[in-house]
Amino acid sequence: MTAQPSRDLSFLDRVSQPYPPPRVARVGAPPLAFERTHSSFPDRIITQSPTPPEEWTIFTRISPQDRQEIVRAARKCEFRRCHTIHIEGDPVQQVVLLMSGCAKLTQIGQNGTEVILRLCGPGELVGTLGLASRGVHCSTAQAIRPCGALVWDMRTFDFLSQRFPELRLNTAIILCRQLKDIEDRFREISTECVPSRLSRQIMRLMNQVGRRENGAVQIDISREELAQLIGTTMYTVSRVLAEWDKKGIVRAGRGAVSVRNVEELKHLSENMC
């Protein structure tokens, strides 16, 4: 019988030994960006209420005792906003699990343009875990907000994965979800118009990083970052958001989008152009 997870989170306080931050490098001006994505949208929007660690995918089906042992093997680390966690081309030397905040994974094109590949939030692993070709990072990871994270040395995480098969399975599940997210977004870029893609992306961000504020759901993301996520221009995103603002669906401010009519936005995301 599988042991039921405990909600005693005191073990997180026992992993606060100092950890030297990774090498920092700036790749152009550090913009903002955001979190976890899913291909389907639940009827009820979940907005940035902290999820207990025992409910994170990486700890699924792992007993409280084993979970504590896995966490004790990590170091607790904090990344300030705009801190570069790793750089594209760096060797994979550690595994980073976000406990709070959010980070973006980006690549830089030959013309110097930055593209946001995906967003990571609490409970998600940042990076490729050494599964990439040549064991190097395929993208750059940067904190968007101040982040708290558990960090394992790569060799330690490999040992834990061998000792706890559930941890290895959960890691594979996380990577499969990330791949599906990229596939979904690629399909949307190839087959859907900008308003449909934009509404779907905002719905994802609501579930990842949205927070209730004055009867609306606010997402701290800029028009430029939204444009990068859906493969269009900032001008086009601004035009669509302005139209939705007139209809009372969203309100776009500087560096933030506030969703005022969730049902109407969901309707837009479900209807192709």
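All values reported here derive from a predicted model rather than from experimental measurement.
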> M154 and Q94: side-chain contact (heavy atoms from CB on, under 4.5 Å), yes or no, with the steps?
Replying inline: CA-CA 5 Å; M154 194 70 228; Q94 61 188 18; 5.9 Å; no
>> For E243, give me all partners under salt bridge (charged side-chain N to carboxylate O under 4.0 Å, His left out), at least two apart in sequence or on another chain.
In response: R239
>> I'd like to check V259 versus M206 (side-chain heavy atoms, cut-off strictly below 4.5 Å). Are they in contact?
In response: yes
> Would you call V250 and S258 a side-chain contact if the rule is heavy atoms closer than 4.5 Å?
Replying inline: no
>> Would the distance check show the side chain of Q162 and the main-chain N or O of F159 forming a donor-acceptor pair, the cut-off being under 3.5 Å?
In response: no
> Could you give the distance from CZ (R223) to OG (S238), rounded to the nearest 0.5 Å?
Replying inline: 4.5 Å
> For D153, which residues count as a side-chain hydrogen bond (donor to acceptor under 3.5 Å, both in side chains) partner, sequence neighbours excluded?
Replying inline: none
> Out of I70, L125, V95, which one pairs with I58 under the side chain to side chain contact (heavy atoms under 4.5 Å, CB included) rule?
Replying inline: L125
> T233: what forms a side-chain hydrogen bond (donor to acceptor under 3.5 Å, both in side chains) with it, not counting sequence neighbours?
Replying inline: T236
>> Applying side-chain hydrogen bond (donor to acceptor under 3.5 Å, both in side chains), can you list everything that pairs with Q218, at least two apart in sequence or on another chain?
In response: D220
> Who pairs with R251 by salt bridge (charged side-chain N to carboxylate O under 4.0 Å, His left out), at least two apart in sequence or on another chain?
Replying inline: none
> At their closest point, which heavy atom of A149 faces which heavy atom of V96, and how far apart are they?
Replying inline: CB-CG1, 3.8 Å
>> List the residues meeting side-chain contact (heavy atoms from CB on, under 4.5 Å) with S161, not counting sequence neighbours, and say none if there are none.
In response: F157, L167, R168
>> Donor-acceptor check, side chain of R200 to backbone of S269, threshold 3.5 angstrom: yes or no?
In response: yes
> So Q142 and I85, side-chain contact (heavy atoms from CB on, under 4.5 Å) or not? Walk me through it.
Replying inline: CA-CA 5 Å; Q142 188 178 64; I85 300 172; over 6 Å; no
>> If you compare all heavy atoms of C102 against all heavy atoms of C147, which two are closest, and at what distance to 0.1 Å?
In response: O-SG, 3.2 Å
> Listed by chain and number, what are the side-chain hydrogen bond (donor to acceptor under 3.5 Å, both in side chains) partners of E69, not counting sequence neighbours?
Replying inline: R163
> Are the side chains of I249 and L268 in touch, meaning some heavy atoms are under 4.5 Å apart?
Replying inline: yes
> Linking Ile, Leu, Val, Met, Phe, Trp and Tyr through side-chain heavy atoms less than 4.5 Å apart, which residues share a cluster with L169?
Replying inline: I173
>> Using the rule given for side-chain contact (heavy atoms from CB on, under 4.5 Å), can you reason through L198 versus L241, listing the C-alpha separation, both sets of side-chain angles and the distance that settles it, and then say yes or no?
In response: CA-CA 9 Å; L198 181 58; L241 290 177; 4.0 Å; yes
> For the atom pair OG (S222) and CD (E224), what is the distance rounded to the nearest 0.5 Å?
Replying inline: 5.5 Å
>> Going by the rule salt bridge (charged side-chain N to carboxylate O under 4.0 Å, His left out), which residues pair with E264 if we only count those two or more places apart in sequence or in a different chain?
In response: none
> Within the side chain of S199, is there an N or O that forms a donor-acceptor pair under 3.5 Å with the backbone of P195?
Replying inline: yes
> Is there a donor-acceptor contact under 3.5 Å linking the side chains of R177 and T57?
Replying inline: yes
> Looking only at heavy atoms, what is the nearest atom pair of M99 and W56, with distance?
Replying inline: CA-CH2, 3.6 Å
> Is the shortest heavy-atom distance from the side chain of R118 to the side chain of Q178 under 4.5 Å?
Replying inline: yes
>> Testing the basics here: between K104 and I144, what is the closest heavy-atom pair and its distance to 0.1 Å?
In response: CG-CD1, 3.3 Å
> Going by heavy atoms in the side chains, are E114 and I108 under 4.5 Å from each other?
Replying inline: yes
>> Can you confirm whether E225 sits close enough to I116 that some side-chain heavy atom of one is under 4.5 Å from a side-chain heavy atom of the other?
In response: yes
>> Nearest 0.5 Å, please: how far is CG in L229 from CD in Q201?
In response: 4.5 Å
>> Any non-hydrogen side-chain atom of I202 less than 4.5 Å from a side-chain atom of I221?
In response: no
>> Check this for me, if you would: do R204 and E188 make a salt bridge, where the nitrogen-to-carboxylate-oxygen distance has to be below 4.0 angstrom?
In response: yes
> CG of D245 to NZ of K247: how many Å apart, nearest 0.5 Å?
Replying inline: 11.5 Å
> Hey, is the main chain of G215 close enough, under 3.5 Å, to the side chain of R260 for a donor-acceptor pair?
Replying inline: no
> Looking only at heavy atoms, which two atoms of C120 and L98 are closest? And how far apart?
Replying inline: O-CD1, 3.5 Å
> Got a second to check how far D66's CG is from L160's CG, nearest 0.5 Å?
Replying inline: 10.5 Å
> Considering residues at least two apart in sequence or located in another chain, which fulfil the salt bridge (charged side-chain N to carboxylate O under 4.0 Å, His left out) criterion with R155?
Replying inline: none
>> Looking at E166, is its backbone amide N or carbonyl O close enough to the side chain of N170 to form a donor-acceptor pair, meaning the two atoms are under 3.5 Å apart?
In response: yes
>> Please give me the minimum heavy-atom distance between H137 and I87, naming the atom from each residue.
In response: CB-O, 3.7 Å
> Any donor and acceptor pair, going by atom type alone, linking the side chain of R197 with main-chain N or O of I230 inside 3.5 Å?
Replying inline: yes
> Can you tell me how far the CZ atom of R187 sits from the CD atom of E192, to the nearest 0.5 Å?
Replying inline: 6.5 Å
> Quick one: are R75 and C77 in side-chain contact, heavy atoms under 4.5 Å?
Replying inline: no
>> Between T156 and W152 (side chain of the first, backbone of the second, donor and acceptor by atom type, cut-off under 3.5 Å), is there such a pair?
In response: no
> Between R185 (side chain) and L117 (backbone), is there a donor-acceptor pair under 3.5 Å?
Replying inline: yes
